[in-house]
Amino acid sequence: MTTNSAAYEAIVRAGPRLNQLQQVHAHLILTGYGRSRSLLTKLITLACSARAIAYTRLLFLSVPFPDDFLFNSVIKSTSKLRFPFDCISYYRRMLSSNVSPTNYTFTSVIKSCADLSALRIGIGVHCHVVVSGFGLDTYVQAALVTFYSKCGDMRAARQVFDRMPEKSVVAWNSLVSGLEQNGLAEEAIQVFYRMRDSGFEPDSATFVSVLSACAQTGAISLGSWVYQYIVCEGLDLNVKLGTALINLYSRCGDVGKAREVFDKMKETNVAAWTAMISAYGTHGYGKQAVDLFDKMEDDYGPIPNNVTFVAVLSACAHAGLVEEGRMVYKRMTESYGLIPGVEHHVCMVDMLGRAGFLEEAYRFIHQLDATGKATAPALWTAMLGACKMHRNYDLGIEIAERLIVLEPENPGHHVMLSNIYALSGKPDEVSHVRDGMMRNNLRKQVGYSIIEVKNKTYLFSMGDESHQETGEIYWYLETLMRRCKEIGYAPVSEAVMHQVEEEEKEYALRYHSEKLAVAFGLLKTVDVAITVVKNLRICEDCHSAFKYISVVSNRQIIVRDKLRFHHFQNGSCSCMDYW
DNA sequence: TTAGGGTTAG
């Protein structure tokens, strides 16, 4: 290496590969270029790209008095490669070295704060942005919108956005995505409409977020419109967009269409495959889920990861495929060297428990306990569900009490305990639990159901009387239930909370939000399947009622609950009552 | 004598 440019060439040739970089570095030192600031800067960014963060630090420390260029380079690289702690620490060092940050510095640092959801640090950086005079930089502002969104502070995110004098497509995207990620799907869709009205052309990032928002609320008409738009405008169906579409169709009840999108995708990755596997799983098609997983392995598809295994295992759990599930769990560790996390353990307990292997499920938890892993309440919640399902009340009560100690604020555990006491014929204990809930002001989560009819969404809550056609809906529901009773339907009263009197109990059951939504859907449409989205799990009584309603109305009823799908047709449900 | 940013899926 006789010249500086030859040395530079050598570094570039080494690329983001640690060994090669170290060799070049050694060579630089030997040939007298070891102190060149420019060469070291290039070396540092490449070391960071190689994810050799310790070596990056070492190189950085070897440079006396780093200049603004070096600081910006290392801050940008660490931020981009997701070393947020390093990024923030270089930023602090920059400040203490009296080197002035620029708008470029801030975008990177803010992104790292967003990655960490580090609200306090980010607010400090935001202040610094303002006093440094970069408060109106479009890039910095877009980064701030994302930052506040990722910290869950949508008010602040909106405030930054609203104050932007010049909004960019990316800034709009940041807001739409932020709202969607924070569960504010309706608002995300409204902002999307405002974006278009303001003359901004949505791009693929916009659509990915909009599709996710549609998937959340079940807004299939807007979702399908987006798909049409993508096809008509010849937009590239990239992996993220394709995956968002698979998720949309799956969560709106149309697995076939989800598969159609999957087959159309030119490029797929592990996320796309996982989305498709998960689609089969949540609809109860366990075999298809496992088959697709096998195909992924056989056809040299992408390497499955932890999320994929959650999808496969939960598919097995919901379809009663215990043997397959055990095999998959084994392969996860033995063939792929993945370490099962709490979510995988929960799938296993759920799978074994649902299938009636209560003892094995219990042993599974205790085995984890022995290795110090069983503190997760979710494991006991799954076990508790199995106890209730298989009427093992003694164990159920023991577990529910344990859960209440672990999570006293969770009303679900109290409700479960009270339900199990009621089922096992212990009314005194029921009132005791109920009183405790009242005393501690614990209320059951409010359930609601959404249905889309003619491109419009309607939300129902229990005993809802806010709709224009309330009278008609209730009358129609009464008629339906009468006809159901004629062919054998009997209300399942244990499903409601045991804090209402017997007479009220049937009233509450009769006007559950999902029943109102189904009645409304049947009333307003002809000859088509209706799809209802519920925020909680469907209750046992509604589940039974919908089987009968599918007969008397001669319609398919699809219900998406918190966990999975139920397709009711000709008197039975796709979950085979296994849920 | 070395570069360049903010948004998106399971």
- Whole angstrom value for the distance that separates P of B:dT2 from CZ of A:Phe71: 21 Å

- Task: Mark yes or no for a side-chain to base donor-acceptor pair under 3.5 Å between A:Asn238 and B:dA9, with no hydrogen or angle criteria applied.
- Result: no

- Item | Protein-nucleotide distance (A:Met276, atom CE; B:dA9, atom C1'), rounded to Å | 15 Å

- Note on the structure: A:Thr138 has its side chain closest, among B:dG6, B:dG10, B:dT8, to B:dG6

- Message: Take a 6.0 Å sphere around CZ of A:Arg51 and say whether it holds more than 12 heavy atoms from other residues, nucleotides or ligands.
- Response: yes

- Validation row: A:Met327, A:Lys330 side chains within 4.5 angstrom (heavy atoms): no

- Query: So which nucleotide from B:dT2, B:dT8, B:dG5 ends up closest to the side chain of A:Tyr8?
  - Reply: B:dT2

- Using a 4.0 Å heavy-atom cut-off across all strands, classify A:Asn103 as base, sugar-phosphate, or nothing. base

- Expressed in angstrom and rounded to an integer, what is the separation of A:Leu81 atom CG from B:dG5 atom P? 13 Å

- Message: From the set B:dG5, B:dG10, B:dA9, return the single nucleotide nearest to any side-chain atom of A:Thr274.
- Response: B:dG10

- Query: Counting just side-chain N and O atoms, does A:Asn247 come under 4.0 Å of either OP1 or OP2 of B:dA9?
  - Reply: no

- Message: Under the side-chain contact (heavy atoms from CB on, under 4.5 Å) test against A:Thr78, which residue among A:Phe60, A:Phe85, A:Tyr91, A:Tyr90 passes?
- Response: A:Tyr90

- Message: Quick check for you: among B:dG10, B:dG4, B:dG6, whose closest atom lies nearest to any side-chain atom of A:Ala143?
- Response: B:dG6

- Rounded to whole Å, OH of A:Tyr33 lies from P of B:dT1 at a distance of 9 Å

- Kindly state which residues belonging to residues 37-50 of chain A come within less than 4.0 angstrom of DNA chain B, counting heavy atoms of the residue only, listed by number. A:Ser38, A:Thr41, A:Lys42

- Message: Rounded to whole Å, how long is the line connecting atom CZ of A:Arg251 with atom C1' of B:dA9?
- Response: 13 Å

- Item | Spacing between A:Tyr91 atom OH and B:dG5 atom P, to the nearest angstrom | 20 Å

- Message: For a quick check under 3.5 Å, do A:Ser89 and A:Asp86 share a side-chain donor-acceptor pair by atom type?
- Response: no

- Message: Does atom CZ (A:Arg35) have a neighbourhood of more than 12 heavy atoms from anything else shown, all under 6.0 Å?
- Response: no

- Item | salt bridge (charged side-chain N to carboxylate O under 4.0 Å, His left out) evaluation trace for A:Asp350 with A:Arg354 | CA-CA 6 Å; A:Asp350 196 30; A:Arg354 280 167 192 273; 3.0 Å; yes

- Give me the residues of residues 160-186 of chain A where at least one heavy atom lies under 4.0 Å from an atom of DNA chain B, by number, or none. A:Ser168, A:Val170, A:Asn173, A:Ser174, A:Ser177, A:Gln181

- Item | Residues in ring-ring contact (aromatic ring centres under 6.0 Å, His included) contact with A:Tyr285, at least two apart in sequence or another chain | none

- Item | Selected nucleotide, minimal atom distance to A:Asp137 side chain, candidates B:dA9, B:dG5, B:dT2 | B:dG5

- Item | Step-by-step ring-ring contact (aromatic ring centres under 6.0 Å, His included) determination, A:Trp273 to A:Phe293 | CA-CA 8 Å; A:Trp273 284 76; A:Phe293 175 70; 9.7 Å; no

- Query: Backbone N or O of A:Glu452 within a donor-acceptor pair of the A:Thr457 side chain at under 3.5 Å?
  - Reply: no

- Query: Tell me: CG of A:Leu292 to P of B:dG10, nearest whole Å?
  - Reply: 17 Å

- Where along residues 108-124 of chain A does a heavy atom fall under 4.0 Å from DNA chain B? A:Lys111

- Item | Nucleotide of B:dA9, B:dG4, B:dG10 approaching A:Val239 most closely (side-chain heavy atoms) | B:dA9

- Query: After noting the C-alpha distance and the side-chain angles of A:Asp561 and A:Lys534, does the key distance pass the salt bridge (charged side-chain N to carboxylate O under 4.0 Å, His left out) rule?
  - Reply: CA-CA 5 Å; A:Asp561 75 6; A:Lys534 197 187 172 191; over 6 Å; no

- Item | Pairing residues for A:Tyr139 by the ring-ring contact (aromatic ring centres under 6.0 Å, His included) criterion, not counting sequence neighbours | none

- Message: If I take atom OH in residue A:Tyr104 and atom C1' in nucleotide B:dT2, what distance separates them, rounded to the nearest angstrom?
- Response: 15 Å

- Which pairs with one or both residues in residues 183-192 of chain A pass side chain to side chain donor-acceptor pair (under 3.5 Å), sequence neighbours excluded? A:Arg158-A:Glu187

